[in-house]
Amino acid sequence: MSDPAIIQPITDTPQRRAILRRLRRRPSVKGSLIALLIIVVTGLLLPSLALQNPYDLSSFSVMDSRLPPGAESFDGQVFLLGTDQQGRDMLSAILYGMRVSLMVGLISTAVALVIGICVGLTAAVLGGRIETLLMRIVDFILGFPTILVALVMLAMIGRGVDKVIFAIVVVQWANYARIMRSTALSERRKEYVEAAFNLGYSRPRVMFRHIMPNSLNAVLVVATVQIASAITLEATLSFLGVGVPVTEPSLGLLVASGFDYLMSGDYWISFYPGVALLLLIFSLNLVGDRLRTALDPKRS
Amino acid sequence: MMNALHADAGPTPPPVLEMRALEREFTRKPVLAERLLGLLGRQIDIPVLKAVRSVDLSVHEGEVLGLVGESGCGKSTLGRMLTGITSPSRGELDYNGKPVTELSGQALRDFTLDVQMIFQDPYASLNPRQKVGDILAEPLRVHRITRSETETRKRVDEALREVGLDVSYRDRYPHQFSGGQRQRIGIARALIVEPRFLVCDEPIAALDVSIQAQVINLFLDLRRRRNLTYLFISHDLSVVRHIADRVAIMYLGQIVELAPAARLFAEPAHPYTRTLLEQIPSVRNRKRKFHAVKGEIPSPLKPPSGCAFHPRCAFATDRCRAEAPLPRDLTETHRVSCHLFDNN
Ligand SMILES: Nc1ncnc2c1ncn2[C@@H]1O[C@H](COP(=O)(O)OP(=O)(O)OP(=O)(O)O)[C@@H](O)[C@H]1O
Ligand code: SF4
Ligand SMILES: [Mg+2]
């Protein structure tokens, strides 16, 4: 059968490329992307180049305790951002702390995201009692203040990087589950999903091959913003003394450890880790926010 | 009743699909307050929407049955029940003479694949993240219809050609096509599992007028080539006139008239059918102002008493308001539900 009305397709650009192009075009995004890149690279790589390993008690000396920024140690090292009460180089501590913070933020967000996506999808596709049960659990978790739940949990299971990650996952997966369920529900009603069932595809196949890829946008955008809030939560918990152990200080714990000396004028112990935390969260938020605008289909 | 037609021609094959008193209702879940009242022993009334009310209808091998009615009368719901996408609330649906609820294993798979649906919205009916080639290949892979990837590829190309699309479109995404092209992709996807029966749910309503005739011709072509049976849904009688052998008129969830197409257009019986026919611009009444059927479409949540059409019917009597008309056979093939024909 030949058809004279065959028209060539309208455009050749897949959506994704257009989104990336839009992201790159915006200068403020460029700035925060670069800032983020620098932070991630320094956070993840530079610790090996740092002056000292702040986890290794033998690499620093109490003799250098609480030196101001720029001071020189008794053996000739320069502490650009000063030292803390144990004589640790603040710059090294911040670099290592940033790595801990980033790691906690990324891992906990990733795990919570996977759990939330699976739960939300299952609820939307199966419906009925299972949906009711899953969403009750979600409502229950979201009903409590995040910090309180995490605090109580850590008070019970103790400190540790893995335990902080666990606590953050427990309080955050429900967010993703709720968003995923609502987007998946609206996808589920679309005709291509009916067509998939009509063609005899299994439920898991329809869930993961058809509904999921079309429901991820919203939840991924939220996740980029949630990385920042996971890091904030970790910092808060560590500041309150239930987060990471003193031997592996994160930015929040560094701020806390300098807190006692703020009033006596040794501001740098708290101040510089605080600034680093602020920069990290700010650029993560900025990128997440721009990502949301770029992914918004109404703008295209 | 329809079978009486074939009575002389030896044993009649069962209809491909037969609906007996088929019904579908929609309700919402009780909200918390209502559930609490229910726990306290109070009677709670959650509104029930009867989308399809007691439909008896058979579709025979090789025919095109048109289903016509206003928006919201339950056409799509009926079509979805035939394909198994929606399950009936009550009543029976037989496929090849066997209730579909009793099918299992291979027979259930056959029913699922044999009855395929063509959707109204060509923009929503294709997965936007799949390439056209994958959309068409997926059923073949899932059901292991083809033995190798080369065979799959061959079948995909054949399907594309059959619906008048270029084989190079395999590697493109749905958003790169126009509405008419997408509808063809949707048709190719249904055809690739070699169905016997297509439920076409207003397949051209969303298309440009210039494309509509082409797609109709494609359906006629396919029917001839593949001996397909159609349930062709439309809100427009003039579309059905071109394609249907028999026409069923639906009003508020019920079939009010059923007749061979030629007879329905020549001698419409039901007052609703007559008003629908008057709306078709033809050579004779082209100058007449186009108007929809007078009166509002009643809510399926609260269907009128007696004959559901009475608030809009010019012939309505007290009896119509009190008593629902039963279907009557005017001829062996012409059935109507209206009190006007009770004492003929
Ligand atoms: N999933 C659903 N949940 C609740 N109500 C529904 C659902 N599907 C359909 N309905 C209702 O059932 C009635 C019949 O709907 P249906 O889609 O079958 O009508 P239709 O004749 O196909 O209309 P249209 O011409 O607009 O497509 C409508 O009142 C509709 O609101
Ligand atoms: S039964 Fe009465 S109201 Fe209904 S269509 Fe016939 S005449 Fe009109
Ligand atoms: Mg419809």
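What's counted below: heavy atoms across the whole structure, side chains too, no hydrogens, waters or symmetry copies. Order of the sequence lines fixes the chain letters, A, B, ..., with proteins taken first and strands second; residue numbering starts at 1 for each chain.
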> So B:D157 and B:R170, salt bridge (Lys or Arg N to Asp or Glu O under 4.0 Å) or not? Walk me through it.
Replying inline: CA-CA 8 Å; B:D157 288 354; B:R170 241 181 342 223; 2.7 Å; yes
> Roughly how far, to the nearest 0.5 Å, is CG of B:L218 from CD1 of B:I211?
Replying inline: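 Going from CD1 on B:I211 over to CG on B:L218, the span is 12.5 Å.
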> CG of B:D94 to CG of B:L103: how many Å apart, nearest 0.5 Å?
Replying inline: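 Reported value, rounded in 0.5 Å steps: 9.0 Å.
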>> Less than 4.5 Å to any heavy atom of chain A: does that hold for the side chain of B:L126, its backbone, both, or neither?
In response: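 The backbone, not the side chain.
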> Is it the side chain or the backbone of B:R189 that comes within 4.5 Å of chain A heavy atoms, both, or neither?
Replying inline: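 Both backbone and side chain.
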>> With a strict 4.5 Å heavy-atom criterion, list every residue of residues 137-146 of chain B that contacts chain A, or say none.
In response: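 The stretch touches chain A at B:E138, B:P139, B:V142, B:H143.
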>> Heavy-atom pairs under 4.5 Å with chain B: which of A:E187, A:R209, A:E194 has the most?
In response: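 So the answer, after comparing A:E187, A:R209, A:E194, is A:E194.
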>> Can you confirm whether the side chains of A:S229 and A:Q172 place a donor and an acceptor under 3.5 Å from each other?
In response: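 There is such a pair (donor and acceptor under 3.5 Å, judged by atom type) between the side chains of A:S229 and A:Q172.
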> Is the centre of the B:Y123 ring less than 6.0 Å from the centre of the B:H175 ring?
Replying inline: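 When the ring centroids of B:Y123 and B:H175 are compared, they turn out to be at least 6.0 Å apart.
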> With a 4.5 Å heavy-atom cut-off, do B:L222 and B:Y230 have their side chains touching?
Replying inline: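 When only atoms from C-beta onward are counted, B:Y230 and B:L222 do touch, with a gap below 4.5 Å.
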> Between A:I231 and A:G105, which heavy-atom pair has the shortest distance, and what is it?
Replying inline: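 Smallest interatomic distance, heavy atoms only, reads CG1-CA, 3.8 Å.
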